[in-house]
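I have placed the structure first, in the form of structure tokens, so that the comments after it can refer back to it.
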Amino acid sequence: MKDRIYTNSAIKAPPGSKVVVAGWVHRLRVVGKICFVILRDREGLIQVVIKRDKSPQMFDEASQLKQEDVIAVKGEIVPSKASIGGVDLVAEELVVLSKTIAPLPIFPDDWEKTSLAKRLDWRFLDLRSPRNLLIFRVQDKLENAMRHFYRENGFIEIHTSKLVAEATEGGAEVFPVIYFDKTAFLAQSPQLYKQMMVIAGFERVFESGPAYRAEKHHTPRHLTEYQSIDIEMGFIEGPEDVMDMVERATLRALSEVASSYSKLVKELLDVDITLPKEVIKIKLTDACRLIEGTPTPCPSNYDISTEHEKAIGEAVANEYGTDLFFITDYPWIARPFYTMKSDDNPEFTRSFDLIYKGVEIVSGSQREHRYSKLVEQMMEKGLRPEKFSFYLEMFKYGAPPHGGAGLGLERLTMTTLGLKNIREAKLLPRDPERLTP
RNA sequence: GCCGCGGUAGUAUAGCCUGGCCUAGUAUGCAGGCCUGUCGAGCCUGUGACCCGGGUUCAAAUCCCGGCCGCGGCGCCA
């Protein structure tokens with residue numbers, strides 16, 4: 001085992017060389033005097049050939065293998081035109097490390113044969129499919145690319161508490177938690193804490209962590225627990241500073257995925273990862289003008305819903321040829337209390353969403369940092385300032401202008417890879433019904 | 001939370017509308033056998049299922065009600 005190499009290296013080894021590989025039996029074909037085992041590990045597949053002539057005992061053992069048994073094989077790399085990577089591994093030693101017991105409940109080698117719900121019930125088997133593993137390697141790349149980008153740009157990575165005393169934005173969409181003799185809640189966003197750190201003087205902060213929403217959504221793009229990549233930056237002049245940062249981070253993440261995985265993504269998910277040439281910013285009111293004559297024009301208060309967003313997405317794609325764009329300047333009624341209002345028109349705000357392939361992946365804004373305005377806005381939203389005293393205190397002792405944004409990692413993964421359901425982009429998705437595995 | 005559609009072997013499905021010809025069909029898996037450098041291998045045999053509870057009826061997989069679960073739409077949002 002010390003000499004073990006991954007299948008992708010084994011395939012590239014020069015003919016005649018001896019290698020050791022180990023992994024799962026992906027497929028098995030016993031054909032007369034020869035046994036073909038497609039062996040799978042994290043990095044790929046290799047065809048192992050076990051010949052009866054060479055060792056009858058080894059052949060017997062091999063022909064009794066079952067799909068998903070775990071084996072280690074030592075053998076010689078031999079050219080074979082029709083085989084995976086153009087080589088066979090002709091076995092000299094075979095060790096069975098683990099046997100499967102029952103018939104498999106799902107088809108790990110062919111995810112399409114099983115419904116998503118069943119696949120999630122058997123997630124550890126489902127993830128053995130190279131295609132499903134790839135989703136999470138891409139997600140890893142997306143998250144780390146952003147992490148590196150933000151750190152390179154002066155953001156300090158922080159970790160804030162997910163146990164909170166009050167809902168951050170009012171409303172009932174929080175999960176209560178029994179906290180000794182009190183009721184606590186799971187944080188629906190690190191919003192207030194990341195602002196706290198900017199006000200504390202961190203200047204720029206970044207956090208990747210879970211966020212919880214107790215909404216009984218039944219859609220392909222909602223989870224009750226999702227990974228939120230949040231930033232907050234101080235001393236901005238306007239929301240454009242935040243947008244530019246988010247845009248660069250997103251493009252960086254996409255380009256890193258493209259350079260590392262574009263070939264595999266094309267092969268296993270049939271998706272081309274293309275980088276948009278430019279990311280446009282369009283005011284909501286202007287976006288609405290694009291769909292004015294359609295059957296679904298924006299309402300007069302610009303509190304748009306899913307159908308408008310969909311229509312805007314198509315209109316922008318036609319007009320500007322991009323599926324990644326910002327919609328800016330949302331109306332005050334549609335944004336949370338801490339959003340800064342526009343100077344020229346208090347009905348609108350210094351806010352934005354980033355839309356990718358028709359899905360909202362980022363939401364952000366400049367925050368209101370002036371104490372009295374903030375109290376005013378809180379009351380306008382029907383929140384009781386006394387409930388948020390810890391938050392409001394922060395604005396009494398020197399709070400710089402600041403703003404930030406939050407990105408849904410699973411949503412970005414889903415849109416990047418063209419997945420139809422966000423659950424595919426979460427290792428262990430939680431929705432209103434599912435709490436296991 | 002509301003609305004729509006659905007729940008049949010391990011998995012994926014047919015049957016349900018028009019109740020009895022269903023001893024529930026097919027594919028795949030699994031078990032056994034044959035054959036063959038396979039590559040979605042092939043051929044033969046076997047195996048195995050009507051979500052739960054109530055109701056209508058001489059008779060329910062099929063019709064009705066409730067529950068649970070699944071998929072999607074809306075609200076809402078990342």
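So that the names make sense, note that chain A is the first sequence line, chain B the second, and so on, each numbered from 1. Note that the coordinates shown come from a computational prediction; the quantities given were computed from them, not determined experimentally. Because only heavy atoms are used, hydrogens play no part in the values below, and waters and symmetry mates are left out as well, while side chains stay in.
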| Can you tell me if A/Ser83 uses its side chain to pair, donor with acceptor, with the backbone of A/Ser80 under 3.5 Å? | no

| task | Please confirm whether the backbone N or O of A/Cys35 pairs with a side-chain atom of A/Lys51, one donor and one acceptor, at under 3.5 Å? | result | no

| query | A/Tyr226 and side-chain hydrogen bond (donor to acceptor under 3.5 Å, both in side chains): which partner among A/Arg213, A/Lys426, A/Glu410? | reply | A/Arg213

| request: Select one nucleotide: of B/C76, B/G1, B/U11, the one nearest the side-chain heavy atoms of A/His217. | output: B/C76

| P spacing across the pair B/U8 / B/C44, given as an integer number of angstrom | 28 Å

| message | My understanding is that a pair needs two contacts under 3.5 Å, Watson-Crick or G-U wobble. By that rule, which nucleotide pairs with B/C43? | response | B/G33

| field | Same-atom distance (P) from B/C5 to B/U11, integer angstrom | value | 26 Å

| Candidates B/G73, B/U38, B/G10 - which lies nearest the side chain of A/Gln47 | B/U38

| message | Applying a 4.0 Å non-hydrogen cut-off, can you work out what A/Lys118 is touching in the nucleic acid: base, sugar-phosphate, or nothing? | response | sugar-phosphate

| message | Work out how far the C1' atom of B/A59 is from that of B/C68, and round it to whole angstrom. | response | 28 Å

| message | Would you measure the distance from the P atom in B/A27 across to the matching atom in B/G66 and give it in whole Å? | response | 38 Å

| said: What's A/Leu407 touching, base or sugar-phosphate or nothing? Going by heavy atoms closer than 4.0 Å. | reply: nothing

| message | Tell me whether the ring of A/Tyr226 lies stacked over the B/A78 base, given a 5.5 Å limit on centroids and a 30° limit on the plane angle. | response | yes

| For the side chain of A/Ser63 and the backbone of A/Phe59, is there at least one donor-acceptor N/O pair under 3.5 Å apart? | yes

| message | What's the gap between B/U26 and B/U45 when it is taken at their P atoms, as a whole Å value? | response | 11 Å

| said: I'd like the C1' distance from B/G70 over to B/C30, given in whole Å. | reply: 26 Å

| remark: Between A/Phe107 and A/Glu309, whichever has its closest RNA chain B nucleotide further toward 5' is A/Phe107

| said: What contact category does A/Ser305 fall into here, base, sugar-phosphate, or nothing, at under 4.0 angstrom with non-hydrogen atoms? | reply: sugar-phosphate

| Under 3.5 Å: donor-acceptor pair, side chain of A/Asp69, backbone of A/Lys66 | yes

| field | Strand partner of B/A12, provided both Watson-Crick or wobble distances fall under 3.5 Å | value | B/U26

| Check against salt bridge (charged side-chain N to carboxylate O under 4.0 Å, His left out), A/Arg119 and A/Glu424 | CA-CA 10 Å; A/Arg119 285 169 47 207; A/Glu424 286 219 275; 2.6 Å; yes

| A/Arg434 side chain to A/Ala117 backbone, donor-acceptor under 3.5 Å | yes

| query | Who is the Watson-Crick or G-U wobble partner of B/C74, with both distances under 3.5 Å? | reply | B/G1

| field | B/A61 to B/G6 separation - C1' atoms, rounded to the nearest Å | value | 14 Å

| Any idea which of B/C2, B/A31, B/A78 is nearest the A/Lys66 side chain? | B/A31

| query | Between A/Ser363 and B/A78, is there a side-chain N or O to OP1/OP2 distance below 4.0 Å? | reply | yes

| field | Any strand: nucleotide that pairs with B/C17 via Watson-Crick or wobble, under 3.5 Å | value | none

| What does B/G48 pair with, Watson-Crick or G-U, if both distances are under 3.5 Å? | none

| said: Of the listed nucleotides (B/C71, B/A12, B/C77), which one gets closest to any side-chain atom of A/Arg423? | reply: B/C71

| request: Verify the ring-centre separation between A/Phe326 and A/Tyr356: is it less than 6.0 angstrom? | output: no

| query | How is A/Ser228 classified with respect to the nucleic acid when contacts are heavy atoms under 4.0 Å: base, sugar-phosphate, or nothing? | reply | nothing

Collect all protein-nucleotide pairs involving nucleotides 40-51 of chain B in which both atoms are nitrogen or oxygen and the distance is under 3.5 Å.
residue : atom : partner : partner atom : Å
B/A41   : OP2  : A/Arg29 : NH1          : 2.1

| Among the nucleotides B/U11, B/G72, B/C77, which one has an atom lying closest to any side-chain atom of A/Arg411? | B/C77

| message | Regarding A/Val362, tell me which of base, sugar-phosphate or nothing describes its non-hydrogen contacts under 4.0 Å with the strands shown. | response | sugar-phosphate

| request: Identify the nucleotide, in any strand shown, that forms a Watson-Crick or G-U wobble pair with B/U56, with both distances under 3.5 Å; if there is none, say none. | output: none

| field | Nearest to side-chain heavy atoms of A/Asp88, which nucleotide of B/G75, B/A78, B/G37 | value | B/G37

| said: Any strand counts, and the cut-off is 3.5 Å on both contacts for Watson-Crick or G-U wobble. Which nucleotide pairs with B/G6? | reply: B/C69

| message | In whole Å, measure the gap between the P atoms of B/G32 and B/G55 for me. | response | 46 Å

| task | Assess the pair A/Phe202 and A/Phe155: is the distance between their ring centroids shorter than 6.0 Å? | result | no

| With a non-hydrogen cut-off below 4.0 angstrom, is A/Leu412 in contact with a base, only sugar-phosphate, or nothing? | nothing

| task | Compare the minimum distances between each of B/U11, B/A12, B/C69 and the side chain of A/Glu433, then state the nucleotide with the smallest one. | result | B/C69

| message | Salt bridge or not between A/Asp272 and A/Lys266? Use side-chain N to carboxylate O under 4.0 Å. | response | yes

| query | Out of B/G75, B/C2, B/U38, which has the shortest distance to the side chain of A/His218? | reply | B/C2

| query | Under 4.0 Å between a side-chain N/O of A/Ser83 and OP1 or OP2 of B/U38, yes or no? | reply | no

| 5' precedence on RNA chain B between A/Pro220 and A/Ile304 (nearest-nucleotide basis) | A/Pro220

| field | Per A/Lys216 side chain, nearest of listed nucleotides B/A78, B/G37, B/G1 | value | B/G1

| Is there a donor N/O on one and an acceptor N/O on the other, under 3.5 Å, for the side chain of A/Thr306 and the base of B/C76? | yes

| field | Given B/C76, B/G72, B/G70, the nucleotide with the shortest approach to the side chain of A/Arg434 | value | B/G70

